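Read the structure below first, then the notes.
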Amino acid sequence: MPTATATLSVSFAPSKKPHLSFCPFGATSITLTNFTSPPIRRPMTTSAVSIEKETVISERPHTFLRQTDGEDNGSIRSRFQSMILEMQESVCGALEALDGAGKFKEDAWTTPGGGGGISRVLQDGAVFEKAGVNISVVYGVMPPEAYRAAKASAADQKPGPVPFFAAGIGSVLHPKNPFAPTLHFNYRYFETDAPKDTPGAPRQWWFGGGTDLTPAYIFEEDVKHFHSVQKRACDKFDPSFYPRFKKWCDDYFFIKHRGKRRGLGGIFFDDLNDYDQEMLLSFATECADSVVPAYIPILEKRKDTPFNESQKAWQQLRSGRYVEFNLVYDRGTTFGLKTGGRIESILVSLPLTARWEYDHKPEEGSEEWKLLDACMNPKDWI
């Protein structure tokens, strides 16, 4: 290993300003904060203004939907909102019970024209370094570049600003123990209205989401268990879903500049509207309900496994790759940043600590090398 390395340590500490120190032959460290100081003002053109500024509230409302949408009218918007609220409660409850020491901090927020969200973060607990579980319901107008970030299909481009509705739940869970894997899940529903310059165009809608596993070390029985739960959820609706969405996941979470995938996959889908809305709502709900049984049994087995400093450093290197993907390629992050979304909620996916070393290469045949091989050559786990 080279004697001169560069290490990037990322942490979120309240009430501190960002700090950057650099030594050309030693370490680089950067501390990212909760930005409790006044927000940075950045220039924005009129066409890019899309989501109204949020207001933090002391108590969560009964609904984030506009009155014109109706609270209990049985619409897809209303029922999807109910699903993500219930999921946030159940997942956070399971994670707190497993951690035993950490508690989720909750921030609720609204926007003047309707919409809002709830951000929950458990930080520096007994099991979790950082766990974020966020829900949001937003209305706005997205500029063309944000629409391209939200919609994968190049054949369906809007010429001007596009009114939209979006609701979703997103979570990234970073355990402390390097033998316990990181988990990401996200389930969302989008609707777009006709642009102002094309009145009368039909409303479009689609579902997206997925759940994927990112370990630092491979325990094959854990990965098989995880994928088996995903497959059971998919098979209840269509036997083609699991192989189709597994490949989609492998292809999506690909760090192009590294030539490797972020982790060991799971399922991922987007722009899904070629089935009945009711069926897809049920499918998204089933996938969301599978998160806890897919993940918690793995954590229960691995959270107390003894580890050394070298294994922890490897986990932090893998966390660095996680940061790279999220900030460079992830469409959800890109969409949030381009639409002026709530920064704390968007970046909650970043780990508390991460590491970069110059030209790090694990020894061939080592457990670390086996992980990289699996990230380069995805396999069928079940």
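Since this is a predicted model, take the numbers as computed values, not measurements.
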Treating Ile, Leu, Val, Met, Phe, Trp and Tyr as nodes and any side-chain heavy-atom pair under 4.5 angstrom as an edge, say whether [X] and [Y] lie in one connected cluster.
X	Y	result
L281	F283	yes
M376	I218	no
I382	Y295	yes
L213	I255	yes
M279	I76	yes

Between atom [atom1] of [X] and atom [atom2] of [Y], what is the distance when rounded to the nearest 0.5 Å?
X	Y	atom1	atom2	value
Q316	H174	CD	NE2	12.0 Å
R262	Y329	CZ	OH	13.0 Å
W248	D251	CH2	CG	10.5 Å
L350	T333	CG	OG1	8.0 Å
R355	H360	CZ	NE2	8.0 Å
L280	D274	CG	CG	7.5 Å

Any donor-acceptor pair under 3.5 Å from [X] side chain to [Y] backbone:
X	Y	result
K303	A180	no
H227	L264	yes
N134	S345	yes
T305	R302	yes
S82	S78	yes
T55	T111	no
N377	D373	yes
R261	D250	yes
E89	E86	no
D99	F128	yes

Is the shortest side-chain heavy-atom distance between [X] and [Y] below 4.5 Å?
X	Y	result
S136	F64	no
P215	T182	no
L371	C375	yes
R331	Y252	yes
K246	D380	yes
C234	I267	yes
L65	Q81	yes
E363	W369	no

Open item on the list: Using the rule given for ring pair (Phe, Tyr, Trp, His ring centres under 6.0 Å), can you reason through F165 versus Y139, listing the C-alpha separation, both sets of side-chain angles and the distance that settles it, and then say yes or no?
Closed with: CA-CA 5 Å; F165 166 87; Y139 300 82; 5.2 Å; yes
For this session: Give a yes-or-no answer on whether the side chains of T211 and Y187 include a donor-acceptor pair shorter than 3.5 Å.
Result: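 Yes.
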**Asked** Does the side chain of D238 come under 3.5 Å of the side chain of S240 through a donor N or O and an acceptor N or O?
**Response**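 Indeed, the side chains of D238 and S240 share at least one donor-acceptor pair under 3.5 Å.
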With salt bridge (charged side-chain N to carboxylate O under 4.0 Å, His left out) as the test, would you mind laying out the steps for E221 and K224 before giving the verdict? CA-CA 5 Å; E221 65 269 30; K224 286 182 176 179; over 6 Å; no
Between [X] and [Y], what is the shortest heavy-atom contact and its length?
X	Y	value
L173	A131	CD2-CB, 3.6 Å
I118	W109	N-NE1, 4.0 Å
K176	Q315	O-OE1, 3.2 Å
G74	R79	O-CD, 3.2 Å
S171	V133	OG-CG2, 3.5 Å
V229	P293	CG2-O, 4.2 Å

(Q) Ring centres under 6.0 Å, that's the criterion: do F179 and F307 meet it? (A)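 Ring centroids of F179 and F307 are no less than 6.0 Å from each other.
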Centroid separation under 6.0 Å, is that true for the rings of H225 and F219?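 Between F219 and H225, the centre distance exceeds or equals 6.0 Å.
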Between L347 and L327, does a side-chain contact (heavy atoms from CB on, under 4.5 Å) hold up when you go through it step by step? CA-CA 9 Å; L347 299 183; L327 295 184; 4.0 Å; yes
Notebook entry, point to check: Going by an N to O cut-off under 4.0 Å, is there a salt bridge joining D270 and R188?
Noted result: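 Result for this pair is yes, salt bridge flagged.
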Exercise. Quick one: which of F237, F241, F207 gives a ring pair (Phe, Tyr, Trp, His ring centres under 6.0 Å) with Y275?
Worked result: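 Among F237, F241, F207, the one meeting ring pair (Phe, Tyr, Trp, His ring centres under 6.0 Å) with Y275 is F241.
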From the options F245, F185, Y242, F253, select the one residue that forms a ring pair (Phe, Tyr, Trp, His ring centres under 6.0 Å) with F268.
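Considering F245, F185, Y242, F253, a ring pair (Phe, Tyr, Trp, His ring centres under 6.0 Å) with F268 is found only for F253.
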Using the rule given for side-chain contact (heavy atoms from CB on, under 4.5 Å), can you reason through K256 versus V328, listing the C-alpha separation, both sets of side-chain angles and the distance that settles it, and then say yes or no? CA-CA 10 Å; K256 295 177 183 177; V328 178; over 6 Å; no
Report task. Share the residues that join V172 in a hydrophobic cluster, the rule being Ile, Leu, Val, Met, Phe, Trp or Tyr side chains under 4.5 Å apart at the heavy-atom level. Result ->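 Members alongside V172: Y322.
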Could you go through K301 and D222, starting from their C-alpha distance and side-chain angles, then the distance that decides it, and tell me whether this counts as side-chain contact (heavy atoms from CB on, under 4.5 Å)? CA-CA 9 Å; K301 285 194 294 184; D222 294 351; 2.9 Å; yes
Given the rule in the side-chain contact (heavy atoms from CB on, under 4.5 Å) test, do L122 and E96 qualify, once you have shown the distances and angles that lead to the verdict? CA-CA 8 Å; L122 187 159; E96 279 191 352; 4.2 Å; yes
*Could you point out which residue of Q311, E368, R318, K370 forms a side-chain hydrogen bond (donor to acceptor under 3.5 Å, both in side chains) with Y217?*
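Only one of Q311, E368, R318, K370 forms a side-chain hydrogen bond (donor to acceptor under 3.5 Å, both in side chains) with Y217, namely E368.
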For K260, which residues count as a salt bridge (Lys or Arg N to Asp or Glu O under 4.0 Å) partner, sequence neighbours excluded?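 If we apply the salt bridge (Lys or Arg N to Asp or Glu O under 4.0 Å) test to K260, skipping adjacent residues, there are no hits.
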